[in-house]
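Because only heavy atoms are used, hydrogens play no part in the values below, and waters and symmetry mates are left out as well, while side chains stay in. Numbering of ligands and ligand atoms starts at 1, following listing order. Numbering starts at 1 and runs along the sequence shown.
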Amino acid sequence: MSEPLATFVHVILPLSLPKLYTYRVPQELTKQVLPGKRVAVQFGKRKIYAAIIHSISDKPPKEYEAKYLLDILDEDILVTPQLMKFWEWMATYYMCSLGDIMNAALPASFRLESTTQIQLNADCDLAALELSDKEYLIIEALTVQDELNMEQLIEIVQQKNIFPLLKSLYVKEAILLSEELKETYKPKTVSCIKLTSTYEQETALEELFKQLEKQPKQTDALLAYLHLQQQGKDIEKSELIKKSGVSESSLKTLVKNSVFEEYKLRVDRVNNNLNISETFSLNEFQEKAIEETKIHLKSKDVVLIHGVTSSGKTHVYVKLIEEIIAQGKQVLFLLPEIALTSQIVARVQKYFGNKAAAFHSKYSQNERFELWHKIKSGEVQVIIGARSAVFLPFNQLGLIIVDEEHESSYKQNDPAPRYNARDASIMLGHIWKCKTILGSATPSFESYYNAKIERYGLVNMKQRFGEIDMPEMITANIAEETRVKTMKGHFTSVLFNEIERAVNNHEQVILFQNRRGYAPMLECQNCHWMPKCTNCDIHLTYHKYINSLKCHYCGYSQKVPQSCHACGSHLLNLKGLGTEKVEDELNIYFPNARVARLDLEATKTKHGHEQIIKSFEKHEADILVGTQMISKGLDFEKVSIVGIINADQLLFFPDFRAHERAFQLLTQVSGRAGRKNKKGKVIVQTSVPNHHVIQEVIHQRYEHIYANETEERKSYQYPPFYRLIKIIVKHKDYKVAQDAAQHLRDLLYKRLGEHIIGPESPYVSRIRNQYIKEMLIKVERNATYLNDLKKFIREQVFSTQTVTEFKRVIIFADVDPM
Ligand SMILES: [Zn+2]
Ligand SMILES: [Zn+2]
């Protein structure tokens, strides 16, 4: 009799490894191994990881002896076949490892590893848990020491594979895992009230009423309870108090007398029991857009909806979503930054109720863990999320919508995978054989180009929704007003007068100040010395609220110096104009107006942005000053004026997309002006009012700017006509970085010739003590050799890194950089 064949699995480890790693499957587990399942493995001397089975084989690896895998962690597969296909495509296209994708794709609670910190869940009633001996050992250890990592626990229970124990304790909610600790995670519960079993019988209840005859308040509480009970659901304590009008102490007495008992009900973290309440009717333009979209979808995989701001695109999406979920399928609805689009999320959730859920980076790991399962089972049908939602384990994906598709926040810059969720979602649609809809008021030139050459269907929505006119747009000349001395602070007289008029009329104002290039910095009046970061090649920015200087790249901060470090002068001035400064000036010039600010600093807390937006919605502030954050998806009833403090910086940024971005941003910000029956006004402050981009914005000539800019890009070989691959080389020694980059360039040149540009130092040439060199590779759009070329590049990168002096040089590629 021959021995049964050994089984091996190739696994994806949560590490940036170029290859898969192979393990041998113990005989007793062979029947359970399946691609996509999670397994526990040992890698390196003593590190243990949760890995994902990529594939199964009966051949041992040639180069090393395969270790046995320790255990299979779940009964079901975690990574579905479609998801695995998507991971593979992404690793190839964006030139990274499957481990990089795994790290980006899986919620941290699926990625247990040796250094994962474990802590007791303080909210858990340990006494009520049934624990095995080993589980008990872990719990006991954790009551003595606040926090232990997996390696320490392995020592304690004397068992290498402790995944099953941890998993069981995790499911019982007895422990918390490292990433949650930072979030001081607490399961949400509400107090509920029910009758004790004694009074479930009618006779006992009648008896009780007699006993309580002289206790009118308690009787009220009991009556209110019985009334609420008819609804057939759990009765929240707060609801009962409200309904009966009795005090908490009366309720307490009833609990003490064993009439009522109190219990905790876990509120589902993901679903907030929203009810479907919103209905709306579409106007003729929206109806038309839906019809056109459907016609295009018959022959095209992707449709681009080009709809002006406030054209009511969301309603169009909602109707299309409705049809898909009626077929029992799921819809992925992507938004650029979910935190900033709370209004849209609320609208969609109101409409679809429990069938919709938002996937949020600010959710705790547990919330994400729960949502993951609800999506996998198909319980949640509409998933609203930011870019990382493309990694969710859909059960039956039927449609993808990418709203504000032009937004650069769809692109992840660091770490790998450096993917663009818009482009990735088209591939995801391909894998699921479903359609993708892109929407924007200012489509990216790449997407518009694809529509023009009829690769995508194109639907135009040129009317605003609900009797709202397009705002009137005018320029205000900063240079001219500075010359004739009519500027007040940073406000031209034109903008100043409009703000004054609006505030006096009880209307609201939004002021936009670009983030880029306008951070306030300190400068010596005599010698123009400016404090720089010690780790990066960048000037420090001034932060008023902490009165210190900070580096935006590495987080380094220092106190504000008393004098110039170069010439010793004490005359240090603030240069640049941040949102804080605008806020200060408004407080001086408009002392009676209430001013709010929406920027990164103001929204550091979990619900910071929501609070600011809600309060502005309620007209608790008259003027909102903000950065790019205010450009997205916000609709306010009473905003009549939008002011752009300075448009110039946007125009002269050294990037081939600068004009496209300026047009998009200025148009989006302008879209916040104008409400029902009231034409809004937008004032663009600039020193170059005749600059062609400003003129295109003022006259809203999208087609025109698209034609001009793409003409130029064609001749300079830029997207959409060419694809770009950026190669980034980093090292803490300038010369090593330079030499490695040059070495790699020479290797690439052999095949690419003039299609490779550089190496050059980027605008910020040193970050976190690492010097940076960049090269740009241009590839013809329709090149069939793209995958082959990427393979070639990876090989040359690898070859460079094997040179002794370049061993520690960091080299990576950024495909389709933004
Ligand atoms: Zn720095
Ligand atoms: Zn000086």
Side-chain angles (χ1 to χ4, degrees), residues 16 182 337 361 408-409 411-416 418 513-581 599-605 627-629 649 652-655 726-741 758-775 808-814 817-818:
S16 201
K182 287 176 225 139
E337 272 168 79
S361 64
S408 55
S409 56
K411 167 85 178 172
Q412 171 156 315
N413 294 314
D414 230 5
R418 296 174 175 82
Q513 173 60 332
N514 184 35
R515 182 168 53 201
R516 208 175 229 174
Y518 269 101
M521 285 178 252
L522 218 57
E523 188 186 49
C524 170
Q525 220 179 62
N526 291 329
C527 72
H528 299 291
W529 170 82
M530 291 167 79
K532 265 189 153 183
C533 176
T534 52
N535 309 317
C536 313
D537 172 32
I538 195 85
H539 296 292
L540 295 168
T541 49
Y542 174 68
H543 289 256
K544 188 180 131 194
Y545 75 114
I546 43 169
N547 192 35
S548 59
L549 301 172
K550 227 172 150 176
C551 170
H552 282 189
Y553 285 85
C554 73
Y556 168 84
S557 83
Q558 65 172 60
K559 283 268 155 267
V560 175
Q562 296 301 307
S563 58
C564 171
H565 286 187
C567 75
S569 161
H570 65 279
L571 295 170
L572 297 174
N573 287 341
L574 265 186
K575 207 186 130 177
L577 174 66
T579 41
E580 279 182 10
K581 188 81 192 298
D599 58 19
L600 220 54
E601 292 301 333
T603 60
K604 280 276 161 69
T605 57
T627 56
Q628 342 305 74
M629 285 189 151
Q649 194 80 19
F652 304 113
F653 201 78
D655 183 285
K726 196 193 262 183
I727 308 289
I728 294 113
V729 180
K730 290 183 180 181
H731 194 269
K732 62 181 190 310
D733 185 321
Y734 177 82
K735 195 171 173 332
V736 177
Q738 168 66 29
D739 290 350
E760 277 162 13
S761 293
Y763 177 66
V764 180
S765 62
R766 186 176 58 118
I767 294 174
R768 293 172 198 271
N769 284 319
Q770 304 262 10
Y771 287 91
I772 305 162
K773 286 281 162 185
E774 288 179 355
M775 285 171 270
R808 300 206 167 272
V809 178
I810 299 165
I811 309 176
F812 60 87
D814 186 358
M818 291 283 273

Original post:
Do Gln738 side-chain atoms and Ala741 backbone N/O form a donor-acceptor pair below 3.5 Å?
Top reply: no

Heavy-atom count around His570 NE2 within 6.0 Å, excluding the residue itself: above 12?
no

Ignoring waters, protein N/O/S atoms under 2.8 Å from the Zn ion (ligand 2) are Cys524 SG, Cys527 SG, Cys564 SG, Cys567 SG

Does OH belonging to Tyr763 count more than 12 external heavy atoms closer than 6.0 Å?
no

Could you go through Tyr734 and Lys773, starting from their C-alpha distance and side-chain angles, then the distance that decides it, and tell me whether this counts as side chain to side chain contact (heavy atoms under 4.5 Å, CB included)? CA-CA 9 Å; Tyr734 177 82; Lys773 286 281 162 185; 2.9 Å; yes

>> Strictly distance-based, threshold 3.5 Å: is any side-chain N or O of Arg418 a donor or acceptor partner for the main-chain N or O of Asn413?
In response: yes

query = Do NZ/NE/NH1/NH2 and the carboxylate oxygens of Asp814 and Lys411 come within less than 4.0 Å?
reply = yes

Taking the Zn ion (ligand 1) as the apex, Cys551 SG and Cys533 SG span an angle, rounded to 10°, of 110°

Row for the Zn ion (ligand 1): angle SG (Cys554) to SG (Cys536), 10° precision, value 110°

* Check whether any side-chain heavy atom of Cys564 sits under 4.5 Å from a side-chain heavy atom of Asn526, and report yes or no. => no

